[in-house]
Amino acid sequence: MTILVTSRSFSTGSADLVGRLRAAGHAVERGPATHDLDALRGPLGRATGWIAGTGPITEAHLDAAPRLRVIARYGVGVDAVDRAAAARRGIVVTNTPGANSAAVADHTLALILAAVRGVVRGNERVRAGDWSGWRSRELATATVGIIGLGRIGREVVARLSGFGCEVVAHDPYLPEADFAALGVRRATIDEIARECDVVSLHAPGGGTVIDAAWLARSDAPVVVVNTARGDLVDEAALAAALRSGRVSAYAADTLREEGGAGGGPLLAPDLRERVIITPHVAAQTVEAIDRMGAAAVADLLAVLDGRTPANLVAYG
Ligand SMILES: NC(=O)C1=CN([C@@H]2O[C@H](COP(=O)(O)OP(=O)(O)OC[C@H]3O[C@@H](n4cnc5c(N)ncnc54)[C@H](O)[C@@H]3O)[C@@H](O)[C@H]2O)C=CC1
Ligand SMILES: O=C(O)C(=O)COP(=O)(O)O
């Protein structure tokens with residue numbers, strides 16, 4: 001059978017994953033991480049399995065893939081996969097929960113601290129000969145709000161415990177007991193807006209959480225951090241809030257439009273000192289790449305062998 005691989009980090013780990021797929025009797029074809037449909041039509045026509053990155057997988061992709069039986073996401077988020085269309089065709093979707101949580105949590109802390117302390121601004125100013133500096137606050141005096149208390153959100157909470165800050169969290173799908181067990185106060189999305197100095201997003205993509213109305217409710221200037229998905233924020237509203245001072249900094253590993261020039265309103269030159277964007281690399285540690293690869297290949301082979309995969313993404 002032919003396996004299509006579009007994940008950009010698939011062969012960059014320590015294991016020979018292509019060799020493993022070939023040893024199981026499969027041919028491997030590579031395709032672009034952007035999932036450009038025209039470029040993928042040929043390989044999709046042949047593919048029985050697809051090891052996919054974060055690019056969109058639409059009904060049109062599936063229409064072009066009559067033999068496809070399994071989409072194994074090399075990563076966690078399945079927001080870009082049309083799961084209803086996959087379910088209608090009997091195509092199984094799997095992902096790799098937990099495989100990149102530590103990597104993304106580390107990166108989140110890097111972004112929180114960089115935004116709170118002005119690391120990127122300082123680097124730029126020194127290169128321009130400006131050593132005048134500024135004053136920051138210690139993280140211990142901050143209230144940090146976590147939106148989405150899942151695998152990554154919890155790893156962020158664990159790391160924040162070393163900083164002495166108060167941590168509150170919003171997650172509509174978790175029972176009260178889970179918040180207490182993690183030592184965080186449960187909060188509504190409005191309370192997060194009113195009380196937090198730093199807000200970090202860890203919910204799945206697919207709906208806007210930080211919009212103009214939320215931003216209007218926040219009192220003091222807030223630092224917003226997003227290592228989840230670009231569509232969780234209204235980027236135009238956020239850019240306006242950065243200009244008005246309601247948001248003091250935005251640090252993210254993701255944008256609504258990724259992969260190429262452009263990038264949208266947050267990359268405007270006048271916001272350069274207060275906006276930090278990394279190119280979707282939070283999960284790209286050598287350790288996480290190995291864990292994601294092992295999990296994605298194991299589940300893809302399980303489905304093709306007629307076994308139940310470890311990480312089946314339920315739909316409906
Ligand atoms: N930057 C990167 O490279 C990476 C980004 N991600 C993104 O991070 C997201 C979270 O990953 P995990 O923690 O592993 O997933 P998870 O499924 O363990 O946790 C997500 C949590 O969000 C909660 N949630 C759902 N809707 C919500 C809402 N509207 N408001 C608040 N909470 C909500 C869920 O109840 C769940 O507890 C992924 O869906 C993915 O989009 C994940 C890995 C790497
Ligand atoms: O796991 C996720 O959802 C990510 O965003 C990271 O995925 P990637 O390693 O870029 O395919």
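The figures here come from the full heavy-atom set of this structure, side chains too, leaving out hydrogens, waters and symmetry mates. These numbers come from a predicted model, not from an experiment. In each ligand, atom 1 is the first atom listed, and ligand 1 is the first ligand listed.
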| said: To check your reading of the model: name the closest protein heavy atom to atom 44 (C) of ligand 1, its residue, and the distance in Å. | reply: Val104 CG2, 3.3 Å
| query | Going by an N to O cut-off under 4.0 Å, is there a salt bridge joining Asp178 and Arg154? | reply | yes
| task | Give the residue, atom name and distance (to 0.1 Å) of the protein heavy atom nearest atom 4 (C) of ligand 2. | result | His280 NE2, 3.6 Å
| message | For Ala310, is there any backbone N or O sitting under 3.5 Å from a side-chain donor or acceptor partner on Asp299? | response | yes
| query | Do any nitrogen or oxygen atoms of Tyr173 come within less than 3.5 Å of a nitrogen or oxygen of ligand 1? | reply | no
| message | Below the 3.5 angstrom mark, is there an N/O of Val76, backbone or side chain, next to an N/O of ligand 2? | response | yes
| note | Taking only non-hydrogen atoms of Thr54 and a 4.0 Å limit, the atoms of ligand 2 in range are 4 (C), 5 (O), 7 (O), 10 (O), 11 (O)
| query | If hydrogens are left out, which of Thr54, Val76, Val78, Asn226 has an atom nearest to atom 14 (O) of ligand 1, that is, the closest non-hydrogen atom? | reply | Val76
| request: Check each of Gly148, Ala99, Ala203 against atom 9 (C) of ligand 1 and report the one with the nearest heavy atom. | output: Ala203
| message | Applying a heavy-atom cut-off of 4.0 Å, say which part of Leu149 lies close to ligand 1: side chain, backbone, both or neither. | response | backbone
| task | Number the atoms of ligand 2 from 1 as they appear, then name those within less than 4.0 Å of a heavy atom of Met292, with their elements. | result | 9 (O)
| task | List every atom of ligand 1 that sits less than 4.0 Å from any heavy atom of Gly150, numbering the atoms from 1 in the order shown and giving each element. | result | 13 (O), 18 (O), 19 (O), 21 (C), 37 (O)
| request: Show your reasoning for whether salt bridge (Lys or Arg N to Asp or Glu O under 4.0 Å) applies to Glu287 and Arg291. | output: CA-CA 6 Å; Glu287 298 87 354; Arg291 286 192 290 262; 5.9 Å; no
| Among all protein non-hydrogen atoms, which one is nearest to atom 11 (O) of ligand 2, and what is the separation to 0.1 Å? | Tyr74 O, 3.0 Å
| said: Residue-level breakdown please: for Arg151 versus ligand 1, do any non-hydrogen atoms fall below 4.0 Å on the side chain, on the backbone, on both, or on neither? | reply: both
| Nearest non-hydrogen partners of Ile71 and Ala52, listed with the distance | CG2-CB, 4.3 Å
| query | If you measure only the distance, is there a donor-acceptor pair under 3.5 Å linking the side chains of Asp290 and Ser14? | reply | yes
| message | Return the closest protein heavy atom for atom 25 (C) of ligand 1 as residue, atom name and distance. | response | Pro204 CD, 3.3 Å
| message | Under a 4.0 Å threshold between the charged nitrogen and the carboxylate oxygen, would Asp231 count as salt-bridged to Arg229? | response | no
| query | Can a cation-pi geometry be assigned to Arg73 and Trp50, taking NZ or CZ under 6.0 Å from the six-membered ring centre and within 45° of the ring axis? | reply | no
| said: Just to check, does Asp253 reach to within less than 4.0 Å of ligand 1 when the distance is taken from its heavy atoms? | reply: yes
| message | Closer than 4.0 angstrom, basic N to acidic O: yes or no for Arg185 and Glu166? | response | yes
| query | Taking heavy atoms and a distance under 4.0 Å, where does Arg229 meet ligand 2: side chain, backbone, both or neither? | reply | side chain
| message | Tell me whether Glu155 is salt-bridged to Arg159, with the criterion being a basic N under 4.0 Å from an acidic carboxylate O. | response | yes
| field | Ligand-side contact atoms (ligand 1) for residue partner Ala283, heavy atom cut-off under 4.0 Å | value | 3 (O), 44 (C)
| note | Only residue of Val297, Leu4, Thr6 satisfying side chain to side chain contact (heavy atoms under 4.5 Å, CB included) with Ile51 is Val297
| Test item, Pro172 contacting ligand 1 (heavy atom, 4.0 angstrom) | yes
| query | If only atom types and distance count, is the side chain of Arg272 paired as donor or acceptor with the main-chain N or O of Glu124 below 3.5 Å? | reply | no
| task | Using the side chain to side chain contact (heavy atoms under 4.5 Å, CB included) rule, take Val313 and Arg83 through it: C-alpha gap first, then chi angles, then the decisive distance, then the call. | result | CA-CA 9 Å; Val313 176; Arg83 280 165 288 151; 3.9 Å; yes
| request: Verify whether one side chain among Asp190 and Thr188 offers a donor that lies under 3.5 Å from an acceptor in the other. | output: no
| query | Quick one: nearest non-hydrogen protein atom to atom 9 (O) of ligand 2, plus distance? | reply | Gln284 NE2, 2.9 Å
| request: Consider only side-chain N and O atoms of Ser200 and Thr108, and report whether a donor and an acceptor are under 3.5 Å apart. | output: no
| In terms of atom number and element, which parts of ligand 2 are under 4.0 angstrom from non-hydrogen atoms of Arg73? | 1 (O), 2 (C), 3 (O), 4 (C), 7 (O), 11 (O)
| Do Asp253 and Thr278 have a side chain donor and acceptor closer than 3.5 Å? | yes
| Subset of ligand 2 atoms that lie under 4.0 Å from at least one heavy atom of Gly77 | 1 (O), 2 (C), 3 (O)
| request: Might you work through the side chain to side chain contact (heavy atoms under 4.5 Å, CB included) test for Phe10 and Arg30, ending with a clear yes or no? | output: CA-CA 10 Å; Phe10 185 72; Arg30 302 301 296 244; 4.0 Å; yes
| task | Show which atoms of ligand 1 fall inside a sub-4.0 Å distance from at least one heavy-atom site of His280. | result | 1 (N), 2 (C), 3 (O)
| query | If you round to the nearest 0.5 Å, how far is CG of Leu44 from CG of Leu37? | reply | 7.0 Å
| task | Identify, for atom 10 (O) of ligand 2, the protein heavy atom at the shortest distance, and state residue, atom and that distance. | result | Arg8 NH2, 3.1 Å
| said: Just to confirm my output: which protein heavy-atom neighbour is closest to atom 6 (N) of ligand 1, and how far is it? | reply: Arg229 NH1, 3.8 Å
| said: If you measure every N or O of Ile152 against every N or O of ligand 1, does any of those distances drop under 3.5 Å? | reply: yes
| request: Distance to 0.1 Å, residue and atom name: give those for the protein heavy atom nearest to atom 35 (O) of ligand 1. | output: Asp171 OD1, 2.7 Å
| said: Within ligand 2, which atoms have a heavy atom of Gly75 less than 4.0 Å away? | reply: 1 (O)
| field | For ligand 1, the portion of His202 having any non-hydrogen atom under 4.0 Å away | value | backbone
| field | Polar atom proximity, Thr227 to ligand 1 (N or O, under 3.5 Å) | value | yes
| field | Ion pair Glu191/Arg186, N-O distance below 4.0 Å | value | no
| task | For ligand 2, find out whether one of its N or O atoms is nearer than 3.5 Å to an N or O atom of Ser9. | result | no
| field | ligand 2 contact on Asn95 by region, counting heavy-atom pairs under 4.0 Å | value | neither
| Against heavy atoms of His170, which atoms of ligand 1 measure under 4.0 Å? | 30 (N), 31 (C), 32 (N)
